[in-house]
Amino acid sequence: MSGSSSIKIEKLISSLHGWFGEITWWPGYADEVMIGAILTQQTRWENVERALEHLKKRDLCSLDAIIRADIEDIEDAIRCTGFYRVKAKRLKALATHVVKSYGGVDNMVGLPTGQLRSGLLNISGIGDETADSILCYGLFRTSFVIDAYTERMVRCMGITEKRMDLKNLFEEILPNDNHCYRQTHAHIVEYAKEFCGRKRCKDCILVSSNG
DNA sequence: GACCAGGTCCTTG
DNA sequence: CAAGGACATGGT
């Protein structure tokens with residue numbers, strides 16, 4: 001069964017690339033991406049952007065600043081993303097981990113992706129998706145992000161693998177190139193936002209379950 | 001007013 | 001292990 005899933009995913013990747021071409025998605029410096037990765041948990045990206053602006057206005061959009069800031073100030077800045085109390089704690093935990101373990105983002109560049117991923121997953125409030133987002137979009141690693149949209153989309157195509165198996169499938173298929181990883185995930189989200197509702201896909205031009 | 005949003009953690013069965 | 005609730009604001 002995993003063989004047919006591979007074929008479907010291969011087709012999906014190339015179809016989406018043809019459909020969208022190159023797109024820019026989640027630009028920004030590493031600290032900003034890491035912060036955004038937590039803020040976007042179960043939250044629309046537009047609200048995350050507003051929160052990032054609030055943080056920047058108050059000079060709080062860096063891990064160093066997050067460590068020093070009062071928790072209440074962080075909460076105020078990110079309120080518009082919802083779950084603001086838990087997210088403020090998660091930001092503190094992330095910033096503390098990066099500084100305590102590595103002395104800063106710059107010192108993470110030489111370390112293997114697997115080691116960084118384990119470190120991130122040990123932080124309370126960072127799960128698989130947030131860790132992979134940080135690795136892929138913040139640290140330019142080849143760690144594929146599986147989110148709710150990706151899952152919806154592949155279910156639509158009759159693919160039944162679980163999240164981590166899906167991640168492995170994508171990583172077996174994609175070339176070992178960060179650019180391809182970020183493009184593919186971005187394509188999936190942009191397509192699924194438009195066509196894959198929570199209940200059912202509207203008009204799955206690219207993802208018929210018959211291949 | 002109902003329902004959903006680029007998750008994660010904790011508690012139950 | 002799977003399922004359900006909590007966390008919370010903002011948009012449709």
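Each chain gets a letter, A, B and so on, in the order the sequences are listed, and its residues count up from 1.
Annotation: ring pair (Phe, Tyr, Trp, His ring centres under 6.0 Å) contacts of Trp26(A) (sequence neighbours excluded): Trp45(A), Tyr137(A). Every residue was checked against the ring pair (Phe, Tyr, Trp, His ring centres under 6.0 Å) condition with Tyr29(A), not counting sequence neighbours, and none meets it. Residues passing the side-chain contact (heavy atoms from CB on, under 4.5 Å) test with Ala77(A), sequence neighbours excluded: His54(A), Leu55(A), Arg58(A).
Across the protein-nucleic acid pair, Glu151(A) atom CD and dG7(B) atom P stand 10 Å apart, rounded to whole Å. Rounding to whole angstrom units, OH of residue Tyr149(A) and P of dC4(B) are separated by 12 Å.
Applying the salt bridge (Lys or Arg N to Asp or Glu O under 4.0 Å) rule to pairs touching residues 122-134 of chain A yields Arg117(A)-Asp128(A), Arg117(A)-Asp132(A), Glu129(A)-Arg163(A), Asp132(A)-Lys167(A), sequence neighbours excluded. For the side chain to side chain donor-acceptor pair (under 3.5 Å) condition, no pair includes a residue of residues 60-73 of chain A, sequence neighbours left out. Legend: ring-ring contact (aromatic ring centres under 6.0 Å, His included) pairs involving residues 59-98 of chain A, not counting sequence neighbours, sorted by first then second residue: His97(A)-Tyr102(A).
A salt bridge does not link Glu53(A) with Lys57(A): every distance from a Lys NZ or Arg NE/NH1/NH2 to an Asp or Glu carboxylate oxygen is 4.0 Å or more. Asp59(A) and Lys56(A) are not joined by a salt bridge, as no carboxylate oxygen comes within less than 4.0 angstrom of a charged side-chain nitrogen.
Contact check of residues 182-190 of chain A against DNA chain B (heavy atom, cut-off under 4.0 Å) returns no residues at all. Within residues 73-87 of chain A, the residues approaching DNA chain C are Arg79(A), Cys80(A), Gly82(A), Phe83(A), Tyr84(A), Arg85(A), Val86(A), by heavy-atom distance under 4.0 Å. Contacts of residues 46-56 of chain A with DNA chain C (heavy atom under 4.0 Å): Asn47(A), Arg50(A).
A donor-acceptor contact under 3.5 angstrom links the side chains of Lys87(A) and Thr43(A), judged on distance only. A donor and an acceptor atom, one from each side chain of Glu171(A) and Thr142(A), are nowhere located under 3.5 Å apart. Looking only at atom types and distance, the side chain of Glu22(A) has no donor-acceptor partner in the side chain of His187(A) under 3.5 Å away. Under 3.5 Å, the side chains of Trp25(A) and Gln183(A) contain no donor-acceptor pair of N or O atoms.
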Per-nucleotide protein contact string for nucleotides 8-13 of chain B, where B marks a base within reach and S marks sugar-phosphate only (heavy atoms under 4.0 Å, - for neither): BS----
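Using cut-offs of 30° and 60° on the angle between ring planes, the pair Phe20(A) and Tyr191(A) is perpendicular.
Although no hydrogens or angles enter the test, the distance criterion places a donor-acceptor pair under 3.5 Å between the side chain of Arg155(A) and the main chain of Ile159(A). Judged by distance alone, the side chain of Thr40(A) and the main-chain N or O of Gly36(A) form no donor-acceptor pair under 3.5 Å. A donor-acceptor pair under 3.5 Å is formed between the side chain of Ser14(A) and the backbone N or O of Lys11(A).
Here Trp26(A) does not lie in a stacked arrangement on the base of dG6(B), lacking the combination of planes under 30° and ring centres under 5.5 Å apart.
Protein chain A touches strand DNA chain C; the 5'-most and 3'-most nucleotides with an atom under 4.0 angstrom of its non-hydrogen atoms are dC7(C) to dG11(C).
With both ends at atom P, the span from dA8(C) to dC10(B) equals 14 Å, rounded to whole Å. Comparing dG6(B) with dA2(C), their C1' atoms are spaced 24 Å from each other, to the whole Å.
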Intra- and inter-strand pairs of DNA chain B in dot-bracket (Watson-Crick or G-U wobble, both distances under 3.5 Å; | for another strand): .||||.|||||||
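Crowding of Lys89(A) atom NZ: a count of heavy atoms from other residues, nucleotides or ligands under 6.0 Å not exceeding 12. Around the CG atom of Asn176(A), the shell of radius 6.0 Å holds no more than 12 heavy atoms that belong to other residues, nucleotides or ligands.
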